[in-house]
Amino acid sequence: MKKQVVLKNLCSFEPQHIFECGQCFRWEREEDGSYTVVARNRVINVCKEKGFIVFRNVTEEEFHDIWRGYFDLDTDYGQIKKTLSEHDRFLKDATEYGSGIRILNQDLWECVVSFIISANNNIPRIQGIIQRLCQQFGDRLSYGGKTYFTFPGPERIVGDLSFLRAGYREHYIKNACETFLSSNFSDIAALDTDSARKKLLTISGVGPKVADCILLFGLERREVFPVDVWVKRCLNSLYGEAMKTKTPREFAVEAFGPLAGFAQQYLFYYMRNAGFDKTGGMKHA
DNA sequence: GCGCAGGGGGTCG
DNA sequence: CGACCCCCTGCG
């Protein structure tokens, strides 16, 4: 039987925007332009064809139980973009540029490890390290004649990790496993955002930026605003005066409130992909 | 083509 | 604040 779900009339959904806006590292772009991802211990393939969104390797039941939540389909992104675009011209351009972005609701543990690995690192290498981790410790899955691997839990990541070639992050990964297994992290989802952040910061290798990524992508805290070098550059060049008296995070919380996390994603995607240079100006202007 | 800097979605001491 | 492990990329 063919396992697929097709959606019509779904606005604000572009696989490329979703997977290439930096929230997720485990995707593959296929020859046909579709994206294949491993999440929730399953393989899924997504593409947009003539306005239809096609989810392959998914039953109706799985779609409702798992993927509707994962792809954040119950959130009205049209309204979010409208609100943000009223803030200023740059946000308006950014929301148009990344109009199909959605914030994925990812696994907490996967976010912890992935964003620890992301610190002071580049994307191809981050993806390589994660790939090797999953290949070594994850469960094997197959789809379309190819092999995929689930993301391993902390209890599975054992022994020598030098094959990961993660450098000094290797130690952080081991530490995160121990922390997750020994202290009680299962209740973190019930904590308020500041308490959850404090708890995340106890993991070595998790600083403010990584903690905010985990909160935003792994704990559905959309009011947080991860500040990386790109976003910092962006805020400084756009809102220079206002930035003198506030930290970037304070500024964002004030400016975007509960939508800060969405704003961050639109800004990040726009800055990284629309041809801006490191000063916040245009590359070829 | 190959070898060599430069620098990377920060964090720690 | 400076170092940092190890590529990945770009230039010579």
Side-chain angles (χ1 to χ4, degrees), chain A residues 16-29 94 97-98 101-104 106 108 110-136 157 160-180 197-219 221-222 224-238 247-249 251-252 260-280 283-284:
Chain A
Q16 184 184 351
H17 297 176
I18 292 170
F19 293 111
E20 301 193 23
C21 71
Q23 58 180 321
C24 171
F25 299 102
R26 299 196 67 206
W27 46 268
E28 268 175 59
R29 191 189 167 93
Y97 185 82
I101 287 176
R102 270 168 192 274
I103 296 186
L104 299 170
Q106 303 184 67
L108 172 64
E110 179 169 343
C111 283
V112 169
V113 178
S114 299
F115 285 96
I116 283 175
I117 293 169
S118 80
N120 191 26
N121 210 342
N122 50 56
I123 290 166
R125 189 177 166 219
I126 297 165
Q127 291 178 326
I129 295 168
I130 295 173
Q131 166 76 15
R132 289 187 285 278
L133 181 77
C134 295
Q135 212 166 118
Q136 181 68 220
I157 302 171
D160 180 32
L161 299 184
S162 58
F163 72 94
L164 291 176
R165 287 174 280 154
Y168 57 75
R169 300 170 199 81
E170 177 181 331
H171 171 257
Y172 297 152
I173 297 169
K174 299 209 79 138
N175 177 276
C177 290
E178 287 163 20
T179 308
F180 242 70
R197 181 185 284 111
K198 273 189 191 134
K199 192 151 186 168
L200 289 169
L201 289 171
T202 64
I203 304 172
S204 93
V206 175
K209 192 271 179 180
V210 169
D212 280 352
C213 285
I214 298 167
L215 287 165
L216 179 57
F217 305 128
L219 286 168
R221 307 306 166 95
R222 308 301 199 225
V224 306
F225 189 84
V227 180
D228 59 68
V229 284
W230 289 90
V231 171
K232 204 177 290 175
R233 286 197 284 254
C234 166
L235 294 187
N236 284 331
S237 81
L238 282 177
T247 67
R249 238 177 72 187
F251 173 82
F262 299 102
Q264 194 269 3
Q265 285 294 278
Y266 291 117
L267 290 175
F268 183 78
Y269 185 69
Y270 190 43
M271 293 292 291
R272 287 285 302 236
N273 299 288
F276 289 93
D277 62 25
K278 294 185 176 181
T279 68
K283 265 178 188 163
H284 307 291

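Each chain gets a letter, A, B and so on, in the order the sequences are listed, and its residues count up from 1.
- Rounded to whole Å, the separation between the C1' atoms of B/dG1 and C/dT9 comes to 15 Å.
- Across all strands shown, A/Tyr269 has no heavy atoms under 4.0 Å from either base or sugar-phosphate atoms.
- Within the nucleic acid shown, A/Gly207 comes within 4.0 Å of sugar-phosphate atoms alone, with no base atom in reach, counting heavy atoms only.
- Per the geometry, CZ belonging to A/Phe19 stands 21 Å off P belonging to B/dG9, to the nearest Å.
- At the heavy-atom level, A/Gly22 lies under 4.0 Å from base atoms of the strands shown.
- Interface remark: the A/Tyr172 side chain does not form any donor-acceptor pair with the B/dG10 base, using a distance-only criterion of under 3.5 Å.
- When rounded to the nearest whole Å, the span between CG of A/Leu235 and C1' of B/dG9 equals 14 Å.
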Pairs: protein N or O with nucleotides 6-8 of chain B N or O, under 3.5 Å:
| from | atom 1 | to | atom 2 | distance (Å) |
| --- | --- | --- | --- | --- |
| B/dG8 | OP1 | A/Lys278 | NZ | 2.8 |
| B/dG8 | O3' | A/Asn121 | O | 3.1 |

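- In DNA chain C, stems built from 3 or more consecutive Watson-Crick or G-U wobble pairs, each with both distances under 3.5 Å, span B:2-8 with C:6-12, B:10-13 with C:1-4.
- Among the nucleotides B/dG9, C/dC4, B/dC12, the one closest to any side-chain atom of A/Ser204 is B/dC12.
- Counting only residues at least two apart or in different chains, salt bridge (Lys or Arg N to Asp or Glu O under 4.0 Å) contacts with residues 199-212 of chain A comprise A/Asp187-A/Lys199, A/Arg197-A/Asp212, A/Asp212-A/Arg249.
- Of all nucleotides listed (B/dG9, C/dC7, C/dC8), C/dC7 comes nearest to the side chain of A/Arg165.
- None of A/Phe268, A/Tyr270, A/Tyr266 except one satisfies the side-chain contact (heavy atoms from CB on, under 4.5 Å) rule with A/Ile101; the exception is A/Tyr266.
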